[in-house]
Amino acid sequence: MQFNKGASAMQHYVAARPMFIDVEVMNADTRLVLGDQGSQVSPSNVGFGLSSLYREIADTVRKEAATIMAVFPSPNDVMAILVQGVLEQRVTGLVDKLLVRPSLVNLPPMEEGGLVLYLRMVAVAYEKTQELARDLRAVDC
């Protein structure tokens, strides 16, 4: 009998991690980075929030790596699934909320920072996400 080399078990393990299924975790991500609703979002606040969140994510991935190495015969395969899930679900979801693409027909008002503010947010999100990618690459398995 063929059990697809444990791929289903690996995917199920990763999908069952609280960071992927707990709505409150994702809401906390948004609050940490964007602040409370109605508060002014600035590149420095977003940078600080992303740094804190990404540090938390990297710490969680390190903890998961220890469990994965002890439990799975192919830990690198499981880690690849875990990191892919982190990037696709947590990071992309948050960056999509952060960077609502402005319309060229209806530009953001200058008193709210206009396109310059949007571009600064893109730069901060890119820089902090690159730092997360470096941290995740450093997790050995």
Side-chain angles (χ1 to χ4, degrees), residues 2-141:
Q2 185 74 357
F3 286 107
N4 70 2
K5 298 180 180 151
S8 296
M10 291 185 277
Q11 290 171 339
H12 179 73
Y13 174 82
V14 169
R17 303 296 84 212
M19 75 169 96
F20 299 125
I21 60 174
D22 189 344
V23 173
E24 202 39 54
V25 168
M26 291 172 222
N27 290 338
D29 290 354
T30 303
R31 280 191 306 275
L32 181 62
V33 175
L34 299 178
D36 295 322
Q37 285 187 336
S39 65
Q40 183 65 21
V41 178
S42 71
S44 61
N45 290 346
V46 167
F48 179 77
L50 282 174
S51 289
S52 297
L53 174 64
Y54 287 173
R55 200 169 25 257
E56 175 190 316
I57 287 173
D59 289 345
T60 301
V61 168
R62 280 187 208 78
K63 290 173 189 162
E64 289 291 342
T67 302
I68 288 168
M69 288 175 57
V71 173
F72 289 94
S74 314
N76 290 335
D77 294 342
V78 183
M79 286 301 296
I81 295 168
L82 178 67
V83 169
Q84 180 179 356
V86 164
L87 294 175
E88 288 177 355
Q89 292 181 33
R90 288 194 69 191
V91 174
T92 301
L94 185 64
V95 170
D96 285 348
K97 287 179 187 173
L98 174 64
L99 301 175
V100 177
R101 189 168 51 171
S103 164
L104 293 176
V105 174
N106 189 13
L107 293 173
M110 286 305 294
E111 54 273 0
E112 293 178 16
L115 287 177
V116 173
L117 178 62
Y118 176 78
L119 292 174
R120 286 184 181 145
M121 294 292 205
V122 169
V124 166
Y126 178 79
E127 175 191 347
K128 298 304 177 185
T129 304
Q130 287 292 101
E131 290 173 12
L132 173 64
R134 280 191 294 276
D135 287 348
L136 293 177
R137 274 189 226 105
V139 176
D140 284 332
C141 208

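Annotation for Leu50 and Ala125: closest pair CD1-CA, 3.7 Å, computed over non-hydrogen atoms. Contact detail for Glu131 and Ser51: the closest heavy-atom pair is OE1-OG, 4.4 Å. Between Gly47 and Val124, the shortest heavy-atom distance links the atoms CA-CG1, 3.4 Å. Nearest heavy-atom pair across Pro43 and Leu117 is CD-CD1, 3.5 Å. For the pair Ala58 and Leu136, the tightest heavy-atom approach, listed with the atom from each and the gap, is CA-CD2, 4.4 Å. Nearest approach of Leu99 to Val122, heavy atoms of both residues: CD2-N, 3.8 Å.
No more than 12 heavy atoms of other residues, nucleotides or ligands sit less than 6.0 Å from atom CZ of Phe48. Annotation: Arg17, atom CZ; neighbour count of heavy atoms from other residues, nucleotides and ligands within 6.0 Å is above 12.
Remark: Glu88 pairs with no residue by the salt bridge (Lys or Arg N to Asp or Glu O under 4.0 Å) rule, at least two apart or across chains. Residues forming a side chain to side chain contact (heavy atoms under 4.5 Å, CB included) with Leu32 (at least two apart in sequence, or on another chain): Ser52, Leu53.
If you take CD1 on Ile81 and CD1 on Ile68, they are separated by 9.0 Å, rounding to the nearest 0.5 Å. Rounded to the nearest 0.5 angstrom, Arg134 CZ and Thr129 OG1 are separated by 10.5 Å. Rounding to the nearest 0.5 angstrom, the gap separating the CD atom in Gln11 from the CG atom in Asp77 is 10.5 Å.
The only member of Arg62, Arg55, Lys63 that meets salt bridge (Lys or Arg N to Asp or Glu O under 4.0 Å) when paired with Asp59 is Arg62. Each of Val83, Val14, Val71 was scored for a side-chain contact (heavy atoms from CB on, under 4.5 Å) with Val78, with one residue passing: Val14.
Put simply, the side chain of Val91 reaches to within 4.5 Å of the side chain of Tyr54, judged on heavy atoms. In this structure, the side chains of Met79 and Val61 come closer than 4.5 Å at one or more pairs of heavy atoms.
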Below 3.5 Å, can you tabulate the donor-acceptor pairs from side chains in residues 20-29 to any protein atom, sequence neighbours excluded?
| residue | atom | partner | partner atom | Å |
| --- | --- | --- | --- | --- |
| Asp22 | OD1 | Glu24 | N | 2.9 |
| Glu24 | OE2 | Arg31 | NH2 | 2.9 |
| Asp29 | OD1 | Arg90 | NH2 | 2.8 |
| Asp29 | OD2 | Arg90 | NE | 3.0 |
| Asp29 | OD2 | Arg90 | NH2 | 3.1 |

